[in-house]
K.L.:
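Dropping a structure here in structure tokens format, bear with me for questions.
None of these values were measured; they are calculated from a predicted model.
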Amino acid sequence: MPELCVGERRFTVPAASNLLDALNDAGCAVPYSCRAGSCHACLVRCLDGLPVDAKPEALSADKRDEGWRLACQCTLAGDLRVAVFDPQRDGLPATVSALDWFGDVLRLQLRPQRPLRYQAGQHLVLWCGDVARPYSLASLPGEDDCLVFHIDCSRPGAFCDRARHWQLGDVVSLGELRGGALHYDPDWQTRPLWLLAAGTGLAPLWGILREALRQGHQGEIRLLHVARTPAGHYLAEALQSMAGVSVEQVLAEQMDEALAALRLTSRQTMALLCGAPGSVERFARRLFIAGVPRNQVLADVFTEHV
């Protein structure tokens, strides 16, 4: 049977064992939340040997070259020595510089120890103690050195429960910066741009919308934001003040009616969708009925966490 080593600890496990389960069964207490390769809480660094990786695309090439793997996606094929990700040692410290609450939505602003290069639409893994979650960046590159996130704290959860107690000056560790499906392409400048968001799915689209305007987008821009309650339209004032952007804010019970009213004016329309799986599926279904080509629909789905 393969030998698994963590620090000075050595133990044997059955071949083809899931690496995350093997580590936790041995008492290593590797955190996780999604087991889908999304939260990146179960990062481990392979120091000797390599496991079988079912989802290599979940990590950047640079990370993989450094030996990093997601334990939840790996199985043991032979002897392996790993080091578990330590946010204090391996993460980038960032200081909480602003906390603004809009109902149950927290707008979090962080000032990292060093500037990060990123694009609107990307995700960043945030570590709060030993709990990690990926969140979309709502800030725009080049505005300042701060990073902004919109965190839905309406339901209890390990990360959100801790986030409610953050204070200015607290330190959060930043994990891997990742590219999502959403982005703005300068080649779209003359094409209609539809942005459909549910809840805090608005966060990456808020950055992309401002990036489009910064690059002088000339086509129609339409944004539809679905929220459970009126307070959930947390960027209402800022969106309504944007010239040249058609904004529609609807409650969840009005969602189907609002989507049915979508009428395609150009087959060149680009549609960007973000939110929980059910909402994104309904968005995509309606866009297909409206006639938006599938290859012109980009979607980012929020992963459910435990």
Side-chain angles (χ1 to χ4, degrees), residues 31-34 36-46 53 55-73 83-98 106-152 159 163 166 170-185 200-212 214 272 274 298-303 305:
Y32 68 92
S33 68
C34 70
S38 176
C39 73
H40 286 212
C42 62
L43 268 175
V44 297
R45 191 170 192 173
C46 300
D53 192 347
K55 200 171 184 179
E57 70 279 4
L59 286 174
S60 67
D62 289 346
K63 277 283 189 183
R64 288 180 57 80
D65 289 344
E66 293 172 358
W68 292 103
R69 298 292 187 272
L70 298 177
C72 71
Q73 299 300 309
V84 176
F85 182 92
D86 181 345
Q88 301 301 317
R89 178 193 65 210
D90 303 313
L92 174 66
T95 304
V96 175
S97 56
L106 169 62
R107 184 170 63 189
L108 169 68
Q109 181 173 290
L110 300 176
R111 186 173 296 279
Q113 192 176 71
R114 57 176 172 78
L116 285 182
R117 296 181 61 183
Y118 67 95
Q119 294 180 337
Q122 287 190 285
H123 312 155
L124 193 59
V125 179
L126 305 185
W127 283 82
C128 186
D130 60 353
V131 180
R133 296 291 185 270
Y135 284 100
S136 297
L137 284 149
S139 47
L140 191 62
E143 283 186 330
D144 54 38
D145 292 333
C146 289
L147 308 173
V148 178
F149 305 86
H150 301 162
I151 301 176
D152 183 354
F159 192 93
W166 276 334
D170 285 350
V171 176
V172 177
S173 292
L174 307 181
E176 189 186 15
L177 176 67
R178 298 183 289 137
L182 305 179
H183 63 280
Y184 180 75
D185 191 325
T200 51
L202 182 58
L205 300 184
W206 171 242
I208 289 170
L209 168 60
R210 289 178 297 141
E211 180 64 32
R214 183 166 71 174
L272 277 59
C274 192
L298 307 180
D300 210 347
V301 179
F302 287 169
T303 303
H305 300 290

K.L.:
Do L124 and Y118 come within less than 4.5 Å of each other through their side chains, counting heavy atoms only?
P.N.:
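No, too far: nothing below the 4.5 Å cut-off.
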K.L.:
Please answer whether the main-chain N or O of R64 pairs with a side-chain N or O of R69 as donor and acceptor at a distance below 3.5 Å.
P.N.:
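Judged by distance alone, yes, a pair lies under 3.5 Å.
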K.L.:
I'd like to know if the side chain of H40 reaches the main chain of A58, judged simply by a donor and an acceptor atom lying under 3.5 Å from each other, with no hydrogens or angles considered.
P.N.:
yes
K.L.:
Hey, are the side chains of F85 and S173 touching, using non-hydrogen atoms and a 4.5 Å cut-off?
P.N.:
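Result no, sub-4.5 Å side-chain heavy-atom pair not found.
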K.L.:
Between P204 and G121, which heavy-atom pair has the shortest distance, and what is it?
P.N.:
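Smallest heavy-atom distance, with atoms named: CB-CA, 4.2 Å.
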K.L.:
Is any side-chain heavy atom of R214 less than 4.5 Å from a side-chain heavy atom of L140?
P.N.:
yes
K.L.:
What distance separates L110 CG from D170 CG, expressed to the nearest 0.5 Å?
P.N.:
10.5 Å
K.L.:
What is the distance from atom OG of S139 to atom NE2 of H150, rounded to the nearest 0.5 Å?
P.N.:
8.5 Å
K.L.:
Mind checking what makes side chain to side chain contact (heavy atoms under 4.5 Å, CB included) contact with A71, not counting sequence neighbours?
P.N.:
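If we apply the side chain to side chain contact (heavy atoms under 4.5 Å, CB included) test to A71, skipping adjacent residues, the hits are L19, L20, L23, C42, V44.
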K.L.:
Between R45 and D90, does any side-chain N to carboxylate O distance fall below 4.0 Å?
P.N.:
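No, this pair does not count.
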K.L.:
How long is the straight-line distance from CG of L70 back to NZ of K63, given to the nearest 0.5 Å?
P.N.:
10.0 Å
K.L.:
Answer yes or no: does atom CZ of R117 have more than 12 heavy-atom neighbours from other residues, nucleotides or ligands under 6.0 Å?
P.N.:
no
K.L.:
Measuring only between side-chain heavy atoms, which start at C-beta, is W68 closer than 4.5 Å to E176?
P.N.:
no
K.L.:
Indicate the atoms forming the closest heavy-atom contact of S38 with R178, along with that distance.
P.N.:
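In this case the closest contact between S38 and R178 is O-NH2, 2.9 Å.
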K.L.:
Hey, does V148 have a side-chain heavy atom less than 4.5 Å from the side chain of W206?
P.N.:
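Sidechains of V148 and W206: no contact.
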K.L.:
Indicate yes or no: at least one non-hydrogen side-chain atom of L174 is less than 4.5 angstrom from one of Q113.
P.N.:
no
K.L.:
Over all heavy atoms of both residues, which pair between R111 and D145 is shortest? Give the atoms and the distance, please.
P.N.:
NH1-CB, 3.8 Å
K.L.:
Ignoring hydrogens and geometry beyond distance, is a side-chain donor-acceptor pair present between T200 and Y135 at under 3.5 Å?
P.N.:
no
K.L.:
Identify, with sequence neighbours excluded, every residue that meets salt bridge (charged side-chain N to carboxylate O under 4.0 Å, His left out) alongside D300.
P.N.:
none
K.L.:
OH of Y184 to CD of Q119: how many Å apart, nearest 0.5 Å?
P.N.:
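Output value for this atom pair is 13.5 Å.
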K.L.:
How close do L177 and H123 get, counting heavy atoms only, and between which atoms?
P.N.:
CD1-O, 3.2 Å
K.L.:
Evaluate the side-chain proximity of D152 to F302: yes if any heavy-atom separation is below 4.5 Å, no if none is.
P.N.:
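No. Closest side-chain heavy atoms not under 4.5 Å.
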K.L.:
Under 4.5 Å between any side-chain heavy atoms of D53 and L59, yes or no?
P.N.:
no
K.L.:
Quick one: closest heavy-atom pair of C72 and G37, and the distance?
P.N.:
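Shortest heavy-atom separation between C72 and G37 comes out as SG-N, 3.7 Å.
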K.L.:
Any idea which heavy atoms bring G129 and P87 closest together, and the distance?
P.N.:
O-CG, 3.7 Å
K.L.:
I'd like to know whether V172 forms a side chain to side chain contact (heavy atoms under 4.5 Å, CB included) with F149, so could you lay out the CA-CA distance, the side-chain angles of the two residues, the decisive distance to 0.1 Å, and finally the verdict.
P.N.:
CA-CA 13 Å; V172 177; F149 305 86; over 6 Å; no
